[in-house]
Amino acid sequence: MTIQHSISLKAYNSFGIDATAEYFTELKHLDTLQEIAADEKLPKLKVVLGGGSNVLLTKPVAGLVIHNSLNGITIKDENENHVWVEVMAGEVWHGFVEYALTNNLSGIENLALIPGRVGAAPMQNIGAYGVEVRDTIDQVTAWHWAEKRFIVMRNEDCDFGYRESIFKHFLKDKVLITSVTFRLNKKPNLHLEYGAIQTQLEAMGVSSPTIKSVAEAVMSIRRSKLPDPALIGNAGSFFKNPTINKQQFDLLKEQFPNIPSYPVASDQVKVPAGWLIEQSGWKGFRRHDAGVHVKQALVLVNYGKASGSEIQNLAIEIIESVQSKFDILLSMEVNIW
Ligand SMILES: Cc1cc2nc3c(=O)[nH]c(=O)nc-3n(C[C@H](O)[C@H](O)[C@H](O)COP(=O)(O)OP(=O)(O)OC[C@H]3O[C@@H](n4cnc5c(N)ncnc54)[C@H](O)[C@@H]3O)c2cc1C
């Protein structure tokens, strides 16, 4: 294992924030975890970084940053309908989506082009275009720092919710996910409910969709809607879409007749955070190099040299302003470091 000192994480996070890690190492082999755990000279705080596409670095990291580069994809089992595939946590997420498409395995085609690594996918139960990754996860294997052993968590142990899981809360910084086993379908099980997918498939002239054409439609929508972190620093949606009760929504609807919503339960609705932020006047806002994207108010951006705290302060101002206008408390989707 090679440990580096005081290295810049600028190239390791999609916001392009220039913060330093006190200690840094690349994790390429599972055995290295034992070595790291046994080395008492290393700091207690050990944090994992995958693709860095869902973190905001607000200060230097006073600990060991472990950059996950564990690679490998293995078929573990199969039956008439399903294939169980174990994917090491450092594999690039979209690379795994391409693997599934090549092998005609369905389940994650709507999640094409989400940045990041496989190990972070269970962390916030990644989701897009009507699909969440929890529907395909069979089990998650992780290294437990305090217990110095690997643990296996079945899907039902992971407390998956909307952009939530046990790894984001109870097990935060206590475990390092080493692999995820997915159960993919041999027969396509397409999710086309999302209006934009239908429209895009029609525009592509596709009348009998396949997993490949659905993935292509999703990629095309994503490229047209979301800013590319290679061109402008961002971490995708900065806030979660809030859920409010129907009573509050009905009152808001009297005041704001155009307020959009999606039903989540008989007495609860989800309101798009992007709409709330736009209506509060933030779309396209810029202060120095920290801003709100001109086309997508849900995305905060770094135009070049913004610090993590400038972006965090902007996020706090947005939360306060949405709360005072709509009495809705937004919460951040991005992990603040
Ligand atoms: C342009 C853009 C579009 C996006 N679109 C979507 C979208 O449609 N849907 C969606 O859900 N997300 C989206 N995201 C967010 C992001 O891509 C996902 O959250 C992704 O899973 C993050 O992966 P990562 O490897 O970059 O995680 P990182 O940013 O490296 O890490 C995120 C958090 O997970 C922890 N973590 C990472 N790996 C591990 C591990 N192996 N074990 C334990 N903890 C770990 C980290 O410590 C950190 O707290 C988008 C981001 C961008 C930039």
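Computed from heavy atoms alone, side chains included, the values below leave out hydrogens, waters and symmetry copies. Counting starts at 1 for both ligands and their atoms, in listed order.
Ile211 and Pro188 make their closest contact through CG2-CB, 4.2 Å (heavy atoms, listed as atom of the first residue, atom of the second, distance).
Not a single heavy atom of Tyr12 sits under 4.0 Å from any atom of ligand 1. Proximity of Arg163 to ligand 1 is established by a heavy-atom distance of less than 4.0 Å. In this structure, Val55 counts as a contact residue of ligand 1, since one of its heavy atoms falls inside 4.0 Å of the ligand.
Separation of the Tyr23 and His5 ring centroids falls under the 6.0 Å cut-off.
Considering Ser14, Gly52, Gly116 only, the shortest heavy-atom separation from atom 28 (P) of ligand 1 involves Gly52. Between atom 7 (C) of ligand 1 and the options Ser237, Ala230, Ser165, Gly127, the minimum heavy-atom separation is to Gly127. Atom 43 (C) of ligand 1 has its nearest heavy-atom neighbour, among Ile232, Ile177, Val334, in Ile177.
Looking only at distances, a side-chain donor or acceptor of Arg286 sits under 3.5 Å from a matching main-chain atom of His288. When atom types are taken as modelled, the side chain of Thr25 and the backbone of Thr2 share a donor-acceptor pair closer than 3.5 angstrom. Looking at Asn155, its side chain does come within 3.5 Å of a backbone N or O of Arg134 through a donor-acceptor pair. Asn103 places no side-chain N or O within 3.5 Å of a backbone atom of Leu105 that could act as its donor or acceptor partner.
With a heavy-atom cut-off of 4.0 Å, Phe167 does not touch ligand 1 at all. At a heavy-atom cutoff of 4.0 Å, ligand 1 is contacted by the backbone of Val175 but not by its side chain. Of all the heavy atoms of Arg117, the ones lying under 4.0 Å from any atom of ligand 1 are found in both the backbone and the side chain. When heavy-atom distances to ligand 1 are checked against a 4.0 Å cut-off, Lys172 has no atom that comes that close, whether in backbone or side chain.
Taking atom 17 (O) of ligand 1 as the reference point, the nearest protein heavy-atom neighbour is Pro115 O, 2.9 Å. Among all non-hydrogen protein atoms, the one lying nearest atom 22 (C) of ligand 1 is Ser53 OG, 3.3 Å. Of the protein's non-hydrogen atoms, Asn335 ND2, 3.7 Å is the one closest to atom 32 (C) of ligand 1. From the protein, the heavy atom lying nearest to atom 46 (C) of ligand 1 is Val48 O, 3.1 Å. Closest to atom 13 (C) of ligand 1 among all protein heavy atoms lies Ile114 CG2, 3.8 Å. Nearest non-hydrogen protein atom to atom 37 (C) of ligand 1 is Ala120 CB, 3.7 Å. Scanning the protein heavy atoms around atom 24 (P) of ligand 1, the nearest turns out to be Gly51 N, 3.4 Å. When only non-hydrogen protein atoms are considered, atom 3 (C) of ligand 1 lies nearest to Arg222 NH2, 3.4 Å.
Of the options Leu171, Ile177, Ile137, Asp159, a side-chain contact (heavy atoms from CB on, under 4.5 Å) to Met153 is made by Leu171 and by none of the others. When each of Met88, Arg117, Glu91 is tested with Leu70 by the rule side-chain contact (heavy atoms from CB on, under 4.5 Å), just one qualifies, namely Met88.
You'll find the side chain of Leu49 reaches within 4.5 Å of the side chain of Trp337, heavy atoms only. Between Asn81 and Asn185 there is no side-chain heavy-atom pair separated by less than 4.5 Å.
For ligand 1, one of its N or O atoms has an N or O atom of Asn54 under 3.5 Å away. In terms of N/O distances under 3.5 Å, ligand 1 is not approached by Asn125. Not a single N or O atom of Ala235, backbone or side chain, sits closer than 3.5 Å to an N or O atom of ligand 1. For ligand 1, the polar-atom distance check against Leu226 finds no nitrogen or oxygen pair separated by under 3.5 Å.
Numbered from 1 in the order shown, with element, the atoms of ligand 1 that lie under 4.0 Å from a heavy atom of Pro227 read 1 (C). Those atoms of ligand 1 with a heavy atom of Asn234 less than 4.0 angstrom away are 1 (C), 53 (C). Those atoms of ligand 1 with a heavy atom of Leu176 less than 4.0 angstrom away are 42 (N). Atom numbering of ligand 1 starts at 1 in the shown order; those under 4.0 Å from a heavy atom of Ala128 are 8 (O). Close contacts of ligand 1 with Leu49, meaning ligand atoms under 4.0 Å from a residue heavy atom, involve 30 (O).
Between Leu300 atom CG and His293 atom NE2 the span is 11.0 Å, to the nearest 0.5 Å. Interatomic distance, Ile232 CD1 to Asn302 CG, rounded to the nearest 0.5 Å: 8.0 Å. For the atom pair CD1 of Ile197 and NE2 of His191, the computed distance is 10.0 Å after rounding to the nearest 0.5 Å.
Geometrically, Lys325 does not engage Phe256 in a cation-pi contact defined by less than 6.0 Å to the ring centre and at most 45° from the axis.
With 3.5 Å as the limit, one finds a donor-acceptor pair spanning the side chains of Ser220 and Gln200.
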